[in-house]
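Below: the structure, in structure tokens.
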Number of protein chains: 2
Amino acid sequence: MHLEEVLAENELRVTRPRRLVWDILRSSNDHLTAQAIADAVHTQDASINVSSVYRALTLFSELGIARESKFGEDGSRWEPAHSDEMIHLVCEKCGTVDHHGGQVVTRLRDHLASDHGFVSSNVNVVVNGTCSNCSAQ
Amino acid sequence: MHLEEVLAENELRVTRPRRLVWDILRSSNDHLTAQAIADAVHTQDASINVSSVYRALTLFSELGIARESKFGEDGSRWEPAHSDEMIHLVCEKCGTVDHHGGQVVTRLRDHLASDHGFVSSNVNVVVNGTCSNCSAQ
DNA sequence: ATCCTTATTGCGAACCATGTGCAATAGTTG
DNA sequence: CAACTATTGCACATGGTTCGCAATAAGGAT
Ligand SMILES: [Mn+2]
Ligand SMILES: [Mn+2]
Ligand SMILES: [Zn+2]
Ligand SMILES: [Zn+2]
């Protein structure tokens, strides 16, 4: 997925803040807070304002190329967009957030639609607990 | 579930703010914001402060008798505690939040534990979409 | 019923993540 | 390169929630 294209298609400009935020998002395989992203951006260019980071993130989300998730604490977490079927496993011990795929979400959507007439636009599954690493101490 | 008992068991006092907040929570079958709860409380006793409402809600959550959920917008939503298996269907049109029960969550927990060593403490499933009422216009 | 101890309150100010108005800046197109 | 205007940086506003502290009121004992 190329930022430039998506922006061009929507007659939006490719700016330094947007490029930097996007690069951080792509290169990290974490679920970052806006602040963490801003910090990372600042190691490249300290002159970029937090507002621009927020504006970029909001825009990317609207464009469908970034995903915002709200886990327990602090603010939203950001990452490149991925399917709802990739659910989030949040370890309460070490704090890591893992992905887990399967059919759960798809089956749930289908069941809700066919048996209850509820048409889902997006499904968020967050599992809090203890990861296998932390279970083994 | 009697508030008085739970509080007594934990050597906590039964106060007017706590009783009022609990009554609102019990008598509504909605998912209320802290502000909505405070407003409702104020119709009974205008002298009760929002801080006390927040403190009561936080306490109830720690005691396991209230449940806090974060849906899309604005602040947290509160209700009497219920099982994780009761998942939330949030209608983007009319705003209503419905419950849906089943085995989905239980099966997911089991799968994660046995096949991935992830021991879940709580599972949150939020489905956003259009309810059957709103689909029918 | 009254006193005592201290948990709980009301109040105001602080907080933190995020959004905004506006003049200055910098993409983009020709 | 010039012109147009989307986007930025800045500083400040916001909204939901929390905190410190002195005043109040539960609950146990007398
Ligand atoms: Mn993810
Ligand atoms: Mn509920
Ligand atoms: Zn862990
Ligand atoms: Zn609806």
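So you know, we letter chains A, B, ... as the sequences are listed, proteins then strands, and number each from 1.
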**Study point:** Under 3.5 Å: donor-acceptor pair, side chain of B:Glu85, backbone of B:Thr106
**Key:** yes

Check your understanding: Hey, does B:Val50 reach any base, or is it just sugar-phosphate, or nothing, if we go heavy atoms under 4.0 Å?
Key -> nothing

Practice item. Would you classify B:Ser47 as touching base, sugar-phosphate or nothing, given that sugar-phosphate means primed atoms plus P, OP1 and OP2, and contacts are heavy atoms under 4.0 Å? Key: sugar-phosphate

Review point. Are any of A:Tyr54's side-chain N or O atoms less than 4.0 Å away from OP1 or OP2 of C:dG19?
Key: no

**Study point:** Phosphate-side-chain proximity, B:Asn49 and C:dC11, N/O vs OP1/OP2 below 4.0 Å
**Key:** yes

Check your understanding: Could you state the CG-P distance from A:Leu57 to C:dA17, rounded to the nearest angstrom?
Key -> 14 Å

Revision key, fill the gap. From the candidates D:dA26, C:dG10, D:dT5, the one with an atom nearest any side-chain atom of B:Arg13 is D:dA26

Check your understanding: Does a side chain donor of either A:Asn122 or A:Asp84 reach within less than 3.5 Å of an acceptor in the other side chain?
Key -> no

Practice item. Quick one: pull up NE2 in B:His116 and CG in A:Asp98 and give me the separation to the nearest 0.5 Å. Key: 10.5 Å

Review point. In Å and rounded to the nearest 0.5 Å, what is the OH to CG distance from B:Tyr54 to B:Asn49?
Key: 11.0 Å

Check your understanding: Atom CD of B:Glu11 to atom P of C:dA7: distance rounded to whole Å?
Key -> 10 Å

Study note, to complete from the structure: One would report the end-axis bend of the helix from C:dA1-D:dT30 to C:dA13-D:dT18, five pairs per end and rounded to 10 degrees, as 30°

Review point. Does any donor atom in the side chain of B:Ser76 or B:Glu68 lie under 3.5 Å from an acceptor atom in the other side chain?
Key: yes

Check your understanding: Does a nitrogen or oxygen in the side chain of A:Ser52 sit under 4.0 Å from OP1 or OP2 of D:dG9?
Key -> yes

Check your understanding: Touch check for B:Thr33, heavy atoms < 4.0 angstrom, all strands: base, sugar-phosphate only, or nothing?
Key -> nothing

Revision key, fill the gap. The bend of the helix from C:dC15-D:dG16 to C:dG30-D:dC1, taken between the axes of its five terminal pairs at each end and rounded to 10°, is 30°

**Study point:** Donor-acceptor contact present, side-chain B:Ser27 to main-chain B:Ile24, <3.5 Å
**Key:** yes

Check your understanding: For the base of C:dG10, is there a side-chain donor-acceptor partner from B:Arg55 under 3.5 Å away?
Key -> yes

Point to revise | Between C:dA26 (P) and A:Arg19 (CZ): distance, integer Å | key: 13 Å

Exercise for review: May I ask you to test the A:Phe60-A:Val6 pair for a side-chain heavy-atom distance under 4.5 Å?
Suggested key: no

Check your understanding: What orientation do B:His99 and B:His88 show, parallel under 30°, tilted 30 to 60°, or perpendicular over 60°?
Key -> tilted

Review point. Looking at A:Ser51, does any N or O in its side chain come under 4.0 Å of the phosphate oxygens OP1/OP2 on D:dG9?
Key: no

Point to revise | Any side-chain heavy-atom pair of A:Asn124 and B:Lys70 under 4.5 Å | key: no

**Study point:** A:Ser76 side chain, from C-beta outward: closest of C:dT9, C:dT18, D:dT8
**Key:** C:dT18

Practice item. Please tell me which of the listed nucleotides, D:dG27, D:dG9, D:dT7, lies nearest to the side chain of B:Val14? Key: D:dG27

Revision key, fill the gap. A:Phe118 meets the ring pair (Phe, Tyr, Trp, His ring centres under 6.0 Å) criterion, sequence neighbours left out, with none

Check your understanding: Can you tell me how far P of D:dT24 sits from CD1 of B:Ile48, to the nearest Å?
Key -> 16 Å

Check your understanding: Taking OP1 and OP2 of C:dG27, is either one under 4.0 Å from a side-chain nitrogen or oxygen of A:Thr15?
Key -> no

Check your understanding: On DNA chain D, nearest-nucleotide positions of B:Arg16 versus B:Gly75: which is more 5'?
Key -> B:Gly75

Review point. For the pair made of CG in A:Asp74 and P in C:dC15, what is the distance, rounded to whole Å?
Key: 17 Å

